[in-house]
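Worth saying up front: this structure is predicted, and the values here are computed from it rather than measured.
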Amino acid sequence: MSVQLVILGLLSEQPRHGYELRQEVERRLYATYINLSGGSLYYNLSQLERAGYVEKAWVEQKGRYPTRQVYQITPTGKEYLQAELRRLLFDTEGREKFFDPLNAALAFGHFIDYEELREALATHLKWAQKRAGWVAEQQEYWRAQNIPLVQAKIIEHGLACLKAEIAWLEQFLQDLDAPEARQLKQELRSPVS
């Protein structure tokens, strides 16, 4: 999910300042898909403003807090958002371009010690199980909030992906322990220095 797409989508619902955008990203679990640090948020807002897709609407100040610039989407930004949504809905090739650091490391896994590989896979399994538990809790919370069907399906999709990851990691660990993995253990025994 693109940072700029998320920003435009949130601003199409209502004008917001940067902190509100970050809060919504967290609240809606988009942080699972995008990294929206403060620097990244304001960089992307600046890029969108230069492109004419968003504009500064007004400055807001509450109490003693610093002033906050509120942004809103422009008509051109709404057109661009619609075009991007349509493009992404049918972009099957884009889904193939997925970088997973674990797969990148496994591509050269023969340079890693067997026990280290096993430990890394167990670490990933523990992370995936913990993350799936958290997403399941979020799913229950959001169900009670009567969120739109497509929002519920995003959470469901994330949970399904985590469950598949857990099953794959569990099978990988079992395969490492199988007698047939003896050759792999020998290949992994002496890592490259």
Side-chain angles (χ1 to χ4, degrees), residues 1-60 67-104 124 127-128 130-168:
M1 194 179 286
S2 151
V3 170
Q4 292 187 357
L5 179 73
V6 169
I7 291 171
L8 289 172
L10 292 173
L11 291 178
S12 71
E13 295 173 354
Q14 68 183 53
R16 301 173 196 268
H17 54 72
Y19 184 67
E20 276 182 300
L21 287 167
R22 286 182 61 197
Q23 284 181 313
E24 273 304 297
V25 165
E26 290 294 325
R27 191 177 77 77
R28 296 187 191 192
L29 308 180
Y30 298 156
T32 306
Y33 310 103
I34 63 167
N35 179 14
L36 194 61
S37 64
S40 169
L41 170 66
Y42 291 104
Y43 170 79
N44 281 285
L45 275 169
S46 174
Q47 295 289 96
L48 290 167
E49 187 176 17
R50 269 195 289 262
Y53 298 148
V54 303
E55 62 190 6
K56 293 174 180 160
W58 64 84
V59 175
E60 178 180 279
T67 59
R68 293 178 172 166
Q69 183 62 60
V70 176
Y71 294 86
Q72 65 187 13
I73 193 168
T74 64
T76 305
K78 287 180 183 180
E79 289 174 17
Y80 175 74
L81 175 62
Q82 288 295 314
E84 272 300 281
L85 291 174
R86 286 185 184 99
R87 184 185 70 76
L88 292 172
L89 279 171
F90 293 96
D91 183 10
T92 55
E93 288 182 26
R95 296 188 77 193
E96 293 177 7
K97 296 173 184 153
F98 174 70
F99 174 77
D100 183 334
L102 177 59
N103 284 341
H124 279 274
W127 172 86
K130 183 178 176 183
R131 187 70 179 176
W134 180 80
V135 172
E137 289 172 10
Q138 295 300 311
Q139 185 179 43
E140 288 305 312
Y141 170 79
W142 287 109
R143 249 189 217 137
Q145 305 299 317
N146 294 319
I147 59 172
L149 177 64
V150 291
Q151 296 293 334
K153 290 299 181 181
I154 290 171
I155 297 169
E156 184 181 302
H157 183 232
L159 188 56
C161 289
L162 284 165
K163 287 178 179 179
E165 180 78 3
I166 290 166
W168 179 80

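Summarising the geometry of S40 relative to N44, their closest heavy-atom pair is O-ND2, 2.8 Å, with the distance given to 0.1 Å. The minimum heavy-atom distance between G52 and T76, with the atom names listed, is O-CB, 3.8 Å. The shortest heavy-atom contact between L11 and R16 is CD2-N, 3.6 Å. Residue Q4 comes nearest to Q47 through the heavy atom pair NE2-CB, 3.5 Å, listed as atom of the first residue, atom of the second, then distance.
For the atom pair CH2 of W142 and CD1 of I147, the computed distance is 7.0 Å after rounding to the nearest 0.5 Å. Between atom CG of residue L45 and atom CG of residue L21 there is a gap of 6.0 Å, rounded to the nearest 0.5 Å. Interatomic distance, L48 CG to L8 CG, rounded to the nearest 0.5 Å: 4.5 Å. With rounding to the nearest 0.5 Å, the separation of CD in Q23 from CD in E26 is 9.5 Å. Rounded to the nearest 0.5 angstrom, L159 CG and I166 CD1 are separated by 8.0 Å. Rounding to the nearest 0.5 angstrom, the gap separating the CZ atom in R68 from the OH atom in Y19 is 7.0 Å.
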Using side-chain contact (heavy atoms from CB on, under 4.5 Å), reason through L102 and E165 one step at a time and then give a plain yes or no. CA-CA 11 Å; L102 177 59; E165 180 78 3; 4.2 Å; yes

Residues V70, V59; criterion side-chain contact (heavy atoms from CB on, under 4.5 Å); working and verdict: CA-CA 6 Å; V70 176; V59 175; over 6 Å; no

What verdict does the side-chain hydrogen bond (donor to acceptor under 3.5 Å, both in side chains) test give for E55 and Q72, after you've listed the backbone C-alpha separation in whole Å, the side-chain angles of each residue and the deciding distance to 0.1 Å? CA-CA 6 Å; E55 62 190 6; Q72 65 187 13; 2.7 Å; yes

side-chain contact (heavy atoms from CB on, under 4.5 Å) for L162 and W127? Distances and angles first, verdict last. CA-CA 10 Å; L162 284 165; W127 172 86; 4.1 Å; yes

What's the verdict on side-chain contact (heavy atoms from CB on, under 4.5 Å) for H17 and Q69, showing C-alpha distance, side-chain angles and the deciding distance? CA-CA 6 Å; H17 54 72; Q69 183 62 60; 5.9 Å; no

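Panel note: side chain Q82, backbone E79; no donor-acceptor pair is recorded below 3.5 Å. Put simply, the side chain of T74 gets close to the backbone of Y53: a donor and an acceptor are under 3.5 Å apart. Not a single donor-acceptor pair under 3.5 Å links the side chain of D91 to the backbone N or O of R87.
Side-chain contact between L10 and I73: absent, with no pair of heavy atoms (C-beta onward) separated by less than 4.5 Å.
Under the ring pair (Phe, Tyr, Trp, His ring centres under 6.0 Å) criterion, W58 pairs with no residue at all, not counting sequence neighbours.
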